[in-house]
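Heads up, the thing below is written out as structure tokens.
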Amino acid sequence: MDFLRDLFSRTLGIGTPEKVLDELSLEGVGRFLLSGKSAGIPDFRSPGSGLYANLQKYNLPYPEAIFEIGFFKQNPEPFFALARELYPGQFKPTICHYFIKLMKEKGLLLRCYTQNIDTLERVAGLTTDDLVEAHGTFHTSHCIGTFCGEEYQLPWMKEKIFSDLIPKCDKCNSLVKPDIVFFGESLPSRFFSALKSDFQKVDLLIVMGTSLQVQPFASLVGK
């Protein structure tokens, strides 16, 4: 165990080795998760702890409404209130994120397809070319005005969100939305173009950190 801990520390560049498991076993992992000391990044669908189970304070008609484009255009306040809680920078990459970076450094990573919108893959060191952010990203934002589409970068959006302001376009005063995919929107074209080329080359597909509940992302395992 000391060898593995030291190896991860040196190869992943995550600082001084620190003992986190009392035992190198599934039981040890379970005790660590129950201790409350793990990453703490909420998912969407876990009963009790998932995001959808903890949205009562926003008075939504149903939990998924907070990510529906129609609802957002009419009532953007709940989304931006939630965005303050989940905004990139609140969490740090986990060892799983750095594992993907290690695959890149070893020349073994063709592409990382992710449903995450928190940009932690980028924080861990992956580039735009390494990633297919299937559900979009907070990294950029765009005006949703019909004839505008002005692009904004992460610092601009962060300033608006943490100033309790609804982000409005500097050019046309329409809403500005982070480039994450809401229900009712199409996935980025890159998802489909990369899928077509990557899956002809791939010889190993690693799936982790997803319940494979949402299509079309869940269909990747069948490609």
Value rounded to 0.5 Å, distance of [atom1] in [X] from [atom2] in [Y]:
X: His139; Y: Thr119; atom1: NE2; atom2: OG1; result: 8.0 Å
X: Cys143; Y: Lys168; atom1: SG; atom2: NZ; result: 10.5 Å
X: Met103; Y: Cys112; atom1: CE; atom2: SG; result: 12.0 Å
X: Ile95; Y: Ile100; atom1: CD1; atom2: CD1; result: 12.0 Å
X: Thr94; Y: Leu120; atom1: OG1; atom2: CG; result: 7.5 Å

So which atom in [X] and which in [Y] form the shortest heavy-atom distance, rounded to 0.1 Å?
X: Lys223; Y: Phe199; result: CB-CD2, 3.4 Å
X: Ala134; Y: Phe217; result: CB-CD1, 3.5 Å
X: Lys177; Y: Met157; result: C-CE, 4.3 Å
X: Arg111; Y: Asp129; result: NH1-O, 3.0 Å
X: Met208; Y: Phe99; result: CE-CD2, 4.0 Å
X: Pro76; Y: Leu175; result: CG-CD2, 3.9 Å

I'd like to know if [Y] and [X] are part of one continuous hydrophobic network [Ile/Leu/Val/Met/Phe/Trp/Tyr, side-chain heavy atoms within less than 4.5 Å].
X: Phe67; Y: Val181; value: no
X: Ile69; Y: Phe147; value: no
X: Leu102; Y: Leu205; value: no
X: Val221; Y: Val132; value: yes
X: Leu187; Y: Leu131; value: no

Margin query: Using a strict threshold of under 4.0 Å (side-chain N to carboxylate O), is an ion pair present between Glu27 and Arg31?
Written below: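 Glu27 and Arg31: not salt-bridged.
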
Note to self: So that I can tick it off, tell me whether Arg122 and Asp130 are bridged by a salt bridge, with the cut-off set at under 4.0 angstrom between side-chain N and carboxylate O.
What the structure shows: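 So Asp130 does not pair with Arg122 through a salt bridge.
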
Measure the shortest side-chain to side-chain distance between [X] and [Y] over non-hydrogen atoms and say whether it is less than 4.5 angstrom.
X: Phe191; Y: Leu220; answer: yes
X: Phe80; Y: Pro178; answer: yes
X: Lys160; Y: Val176; answer: no
X: Tyr152; Y: Pro167; answer: no
X: Leu126; Y: Leu109; answer: yes
X: Tyr98; Y: Pro93; answer: yes
X: Asp179; Y: Glu133; answer: no
X: Asp118; Y: Glu121; answer: yes

Quick check against the 3.5 Å criterion: does [X] have a side-chain atom that pairs as donor or acceptor with the backbone of [Y]?
X: Ser163; Y: Leu165; answer: no
X: Glu64; Y: Glu68; answer: no
X: Tyr113; Y: Leu195; answer: yes

Item checked: Aromatic ring pairing Phe79/Phe138, orientation class (parallel under 30°, perpendicular over 60°, tilted between) ->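 If you compare the ring of Phe79 with that of Phe138, the planes turn out parallel.
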
Check: Taking atom CG of Leu108 as the centre, does the number of heavy atoms from other residues, nucleotides or ligands within less than 6.0 Å exceed 12?
Finding: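 For Leu108, atom CG is crowded (more than 12 foreign heavy atoms under 6.0 Å).
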
Note to self: Tell me whether the count of non-hydrogen atoms from other residues, nucleotides or ligands lying under 6.0 Å of CD in Gln74 goes above 12.
What the structure shows: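 Atom CD in Gln74 is not crowded, with 12 or fewer foreign heavy atoms closer than 6.0 Å.
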
Next item on the list: Report the C-alpha distance between Ser174 and Cys148 in whole Å, list the side-chain angles of each, state the deciding distance to 0.1 Å, and finish with yes or no for side chain to side chain contact (heavy atoms under 4.5 Å, CB included).
Entry: CA-CA 9 Å; Ser174 296; Cys148 186; 5.9 Å; no

